[in-house]
Amino acid sequence: VRFVDEFRDAALGRAVAGEILSLVEPGRHYKVMEVCGGHTHSIYKYGVDDLLPANVELVHGPGCPVCVIPMGRVDDGIAIAHLPDVIFTCFGDMMRVPGSEGSLLEAKAAGADVRMVYSPLDALRIAKQNPDREVVFFAIGFETTAPSTALTLKRARAEGVSNFSCICSHVTIVPPLRALLESPDLRLDGFIGPGHVATVVGARPFEFIPADYGKPVVVAGFEPLDILQSIAMILGQLSEHRCEVENQYKRVVPYEGNLRALEVMQEVFELRPHFEWRGLGFISHSGLKLSEAYADLDAERRFSVPGVRVADPKACQCGEVLKGVIKPWECKVFGTACTPERPIGTCMVSSEGACAAYYNYGRFAREREVV
Amino acid sequence: MTVLRTDPERGLALCADLEGARHTAETALVELPGPGDVLLVHAGVAIATLSAETS
């Protein structure tokens with residue numbers, strides 16, 4: 001299959017692993033953060049970490065869209081879902097994210113009309129099929145997903161679908177990265193940049209990382225060879241004392257991004273002053289809300305929501321996992337009280353969550369030979 | 001996903017994923033694709049056309 005088979009070639013993978021081995025400095029420990037949950041999933045699905053020397057450590061970042069949604073936002077969604085005459089729609093993994101008193105899936109079991117959709121456009125179709133009911137879409141995700149929501153809202157406006165609205169929990173990737181770089185808990189040597197977010201925003205927004213913090217960034221694709229090559233490129237920069245943004249995923253990511261997508265987002269969204277992230281707390285200008293031009297399609301204005309901040313369960317250490325401070329298996333409830341079937345924390349819910357990736361593909365710490 | 005056919009009037013593309021399952025993708029955010037083109041589709045919307053030349 002074009003664009004897939006050639007990036008899963010085992011012989012090429014071993015060759016790049018050999019290149020990585022030749023680039024590491026003996027005795028030095030390298031910490032490289034993969035920002036995106038899609039990368040975390042691929043790393044454990046394909047065993048990429050098994051090909052790395054032990055002194056190259058992959059640290060998992062905050063780029064899983066479901067994982068960063070705080071409990072209070074889930075409670076807001078559930079409150080709307082329980083209103084009479086509401087059809088509440090969301091992506092599949094969002095249905096299992098725990099709020100303070102259960103998940104949307106449990107709300108559905110209790111009688112709320114909650115429906116899983118593949119796209120916000122599906123939610124709009126449901127609204128057109130049910131003109132006597134209010135249809136609400138729970139919009140989550142980074143800049144990869146936000147254009148889809150924006151396009152749907154533009155279409156709702158153009159087609160005069162007045163019974164459709166959206167609870168907007170979209171987030172942006174740069175502010176949490178800056179927060180992580182400012183954190184004293186974490187020392188990183190470089191970043192594997194989020195390829196799908198960069199498809200929309202381009203590689204330019206990541207230039208602050210080398211410019212302000214002196215760390216290399218390589219925007220990478222999601223196949224095993226993409227990830228291995230991006231690690232080799234980061235180590236190459238470090239060995240040559242270079243520090244810049246490189247684009248390994250050129251077959252998809254234009255350096256300037258998708259201008260049409262950025263334009264539609266600019267029209268429909270504006271930045272919130274603050275947004276709460278699970279485990280990371282409130283981060284300035286990191287969340288999106290609907291612009292004034294689309295305010296009538298904003299479910300948070302159309303309906304009354306609790307809007308209460310809810311603390312994470314004490315047993316759950318998703319916050320430390322999302323910040324890359326601990327590995328999933330270091331959490332007290334990993335794989336025992338918290339499993340993909342009965343998740344306590346969000347990182348165990350989505351396939352892009354670090355805990356789910358470890359549980360499904362790795363589970364335990366692995367001994368590797370130190371170079 | 002690989003484009004099987006397009007509906008330029010509605011801005012839609014019928015695509016097949018790696019397993020052969022068929023999906024409809026909105027194409028408003030990319031240049032109108034043609035059959036055989038490969039799209040990166042996210043939440044039902046194509047956000048990029050893959051380019052063999054720049055791989």
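- Side-chain atoms of A/N258 come within 3.5 Å of backbone atoms of B/L29 as a donor-acceptor pair (strictly under, hydrogens ignored).
- For the pair B/E26/A/L151, a side-chain contact is recorded, criterion being any heavy-atom separation below 4.5 Å from C-beta on.
- Applying the salt bridge (charged side-chain N to carboxylate O under 4.0 Å, His left out) rule to pairs touching residues 34-43 of chain B yields nothing, sequence neighbours excluded.
- Counting heavy-atom neighbours within 6.0 Å of A/E159 CD, excluding the residue itself, gives a total above 12.
- Among residues 140-150 of chain A, the residues having any heavy atom closer than 4.5 Å to a heavy atom of chain B are, in sequence order, A/T144, A/T145, A/P147, A/S148.
- Considering only residues two or more places apart in sequence or on other chains, A/C67 meets the disulfide (SG to SG under 2.5 Å) condition with A/C64.
- Using a 4.5 Å cut-off between heavy atoms, B/I47 touches chain A through backbone and side chain atoms alike.
- For the pair B/A43 and A/F91, the tightest heavy-atom approach, listed with the atom from each and the gap, is CB-CZ, 4.0 Å.
- Rounded to the nearest 0.5 angstrom, B/L40 CG and A/F222 CZ are separated by 8.5 Å.
- Heavy atoms closer than 4.5 Å to chain B are found nowhere in A/V253, neither backbone nor side chain.
- Here A/C36 pairs with nothing under the disulfide (SG to SG under 2.5 Å) rule; sequence neighbours left out.
- The 12-atom threshold is exceeded at CD of A/E207, counting heavy atoms of other residues, nucleotides or ligands nearer than 6.0 Å.
- Counting non-hydrogen atoms of neighbouring residues, nucleotides and ligands closer than 6.0 angstrom, the CZ atom of B/R10 reaches no more than 12 such neighbours.
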